[in-house]
There are 2 protein chains.
Amino acid sequence: MTSETPKQVLLSALAEVAKAIAHPHRLELLEQLAQGERGVEAVAERTGLSVANASQHLQQLRRAGLVSARRDGKFVRYRLADDAALDLLRTLGTVAERNVAAVDRLIRGYFSERDGHEPVTREELLERSRLGLVTVLDVRPPDEYALGHLPGAINIPLLELESRLAEIDPAQEIVAYCRGPYCVLSYEAVAALRARGFSVRRLEDGLPEWRAAGLPVETWASGQSVFR
Amino acid sequence: MTSETPKQVLLSALAEVAKAIAHPHRLELLEQLAQGERGVEAVAERTGLSVANASQHLQQLRRAGLVSARRDGKFVRYRLADDAALDLLRTLGTVAERNVAAVDRLIRGYFSERDGHEPVTREELLERSRLGLVTVLDVRPPDEYALGHLPGAINIPLLELESRLAEIDPAQEIVAYCRGPYCVLSYEAVAALRARGFSVRRLEDGLPEWRAAGLPVETWASGQSVFR
DNA sequence: CAATCATTCAATTATTCGATTGAATACAGG
DNA sequence: CCTGTATTCAATCGAATAATTGAATGATTG
């Protein structure tokens, strides 16, 4: 008979939680849910998973206590369980960024312009935005914007940026944001706008972190991204 | 040919780090290494793993950037790579404690006396200890004490506590600590000493957290514990 | 209450992971 | 340079995990 010590039980429980985040698809699901509440089909489509597969992964996350589900009519809507879950993802990102060569290369390469321009802190943006000194630009897809966005932010998805430049006041400083520290959208938006002479900076992290910091979120229907 | 997007590469890299902490044995190894630097055989014996098995787990941790190794004569000594690794373990513990029923039961049950007495904060202990107002009691095994301990702490392993009560000044308040928030030693020491009329409290967390907070550690040879 | 839709369950298969064993490498000391 | 010790590597086997498929459940709508 295998008798288990309390310590083993504890370590196994911790390992269960870790296992839940130890798969790329589940991490992607978590990033999605960090933007806001979503049904199974919505996240399945967005991540390219089959509905059944997404459902199973979501249930693993639910068993680990990382996401919670509620029934809403015929939909089951999932979302991050709490801020601790977001914290765990951010901490995971920190470790990976410091220690895993592949991540470091991505950050410094594809995510260009990492240095050269300090991101705007949440506190600074909040203040300057209240004073009407900046244009806040949300470059995520419209449905994520709908799930929730920074107060007063205008939404121009990255793909439409070039054709909608007229909507941006060239005289004001722009602060762009997207899903989180590993989201490429805002990096690319900054690069594109700078090339056209706009004064642009990135917000540190993204909407999930903004929300987790307890700062106000505007919503008329919806969400953001998350690692580190 | 499978072409991988940067996003997939990133998520896979994050998942690799998560996988490294997704096994009870590796978590136990990390808790050991959080106490201080150790050779392969030392952690193997202490965790009950075969040397070869421990070596392989340690290498997985090393690949994930969670621990670092250096050669020291004929030994290879492993230790936690950095404070980010400790942070990750603590965050994992937080999520598990909030969300996993088994952990919650352990905390409230076996780890008795969780409530009723607030733990002493590091800041409070540091101050009162400098003023000579408290006896700091390290109840970990002597070899972990040797790897490093709180300044001025006396070391009485839990098993020897009853026979060495005379070494403790009954007039002074005692603060006991051990490996970390999930270490039972200090809980049991507090219960035992209280039953004998001593005034005792626990230090919040344990030695790894103390060290990570940048507070002074005394050492004449050696270590502590880590989750949450 | 039947029809429909969103989600979950169950069974299958391919892949990956963990532990064990025995051999190989690296270093220290004589 | 040889021997003993510490650690790692390589190969193996059994167990666990992931994705797929198709069927089952639960809830809304007519």
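Every chain is numbered from 1, with letters handed out A, B, ... down the list of sequences.
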Are Tyr78(A) and dT8(C) close enough that a side-chain N or O sits under 4.0 Å from OP1 or OP2?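 Indeed, a polar side-chain atom of Tyr78(A) lies that close.
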
Short side-chain N/O contact to dT7(D) OP1/OP2 from Ser55(B), under 4.0 Å: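 Answer no for this pair, as no side-chain N or O of Ser55(B) is under 4.0 Å from OP1 or OP2.
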
Could you state the [atom1]-[atom2] distance from [X] to [N], rounded to the nearest angstrom?
| X | N | atom1 | atom2 | value |
| --- | --- | --- | --- | --- |
| His57(B) | dT7(D) | NE2 | P | 16 Å |
| Glu41(B) | dT5(D) | CD | C1' | 9 Å |
| Gln60(B) | dT7(D) | CD | C1' | 16 Å |
| Arg63(A) | dT17(D) | CZ | P | 10 Å |
| Leu61(A) | dT17(D) | CG | P | 15 Å |
| Phe75(A) | dA6(C) | CZ | P | 6 Å |
| Leu58(A) | dC9(C) | CG | P | 12 Å |
| Leu29(A) | dA18(D) | CG | P | 12 Å |

Let me spell it out: for each of Gln59(A) and Arg71(A), pick the nucleotide of DNA chain C with the closest heavy atom. Which residue's pick is nearer the 5' end?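 Nearest nucleotide further toward 5': that of Arg71(A).
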
Starting from the 5' end of DNA chain C, give me the residue, Lys74(A) or Val51(A), whose nearest nucleotide shows up first.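 Counting from the 5' end, the first nearest nucleotide belongs to Lys74(A).
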
For the pair [X] (side chain) and [Y] (backbone), establish whether a donor and an acceptor sit closer than 3.5 Å, ignoring hydrogens and angles.
| X | Y | value |
| --- | --- | --- |
| Asp83(B) | Leu86(B) | no |
| Tyr145(B) | Pro157(B) | no |
| Trp210(B) | Pro216(B) | yes |

Nucleic acid contacts of residues 18-26 of chain B, taken as heavy-atom distances under 4.0 Å to DNA chain C: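 By residue number: Lys19(B), His23(B), His25(B), Arg26(B).
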
By nearest heavy atom, map Glu16(A) and Ala52(B) onto DNA chain D; which one lands nearer the 5' end?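 Taking each residue's closest nucleotide, the earlier one in sequence belongs to Ala52(B).
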
Can you confirm whether more than 12 heavy atoms, excluding those of Glu162(A), are under 6.0 Å from its CD atom?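 Counting neighbours around CD of Glu162(A), 12 or fewer heavy atoms of other residues, nucleotides or ligands fall under 6.0 Å, so no.
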
Quick one: are Asp143(B) and Arg38(B) in side-chain contact, heavy atoms under 4.5 Å?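 Asp143(B) reaches Arg38(B) side chain to side chain.
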
State which of dC9(C), dT20(C), dT7(C) makes the closest approach to the side chain of Asn53(B).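 Out of dC9(C), dT20(C), dT7(C), the nucleotide with an atom closest to Asn53(B)'s side chain is dT20(C).
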
Under the criterion salt bridge (charged side-chain N to carboxylate O under 4.0 Å, His left out), which of Glu28(B), Glu144(B), Glu41(B) is the partner of Arg46(B)?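 That would be Glu144(B).
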
My understanding is that only residues two or more places apart in sequence, or in another chain, count here; which of them pass side chain to side chain contact (heavy atoms under 4.5 Å, CB included) with Pro24(B)?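 Pro24(B): side chain to side chain contact (heavy atoms under 4.5 Å, CB included) contacts with Leu11(A), Ser12(A), Ala15(A).
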
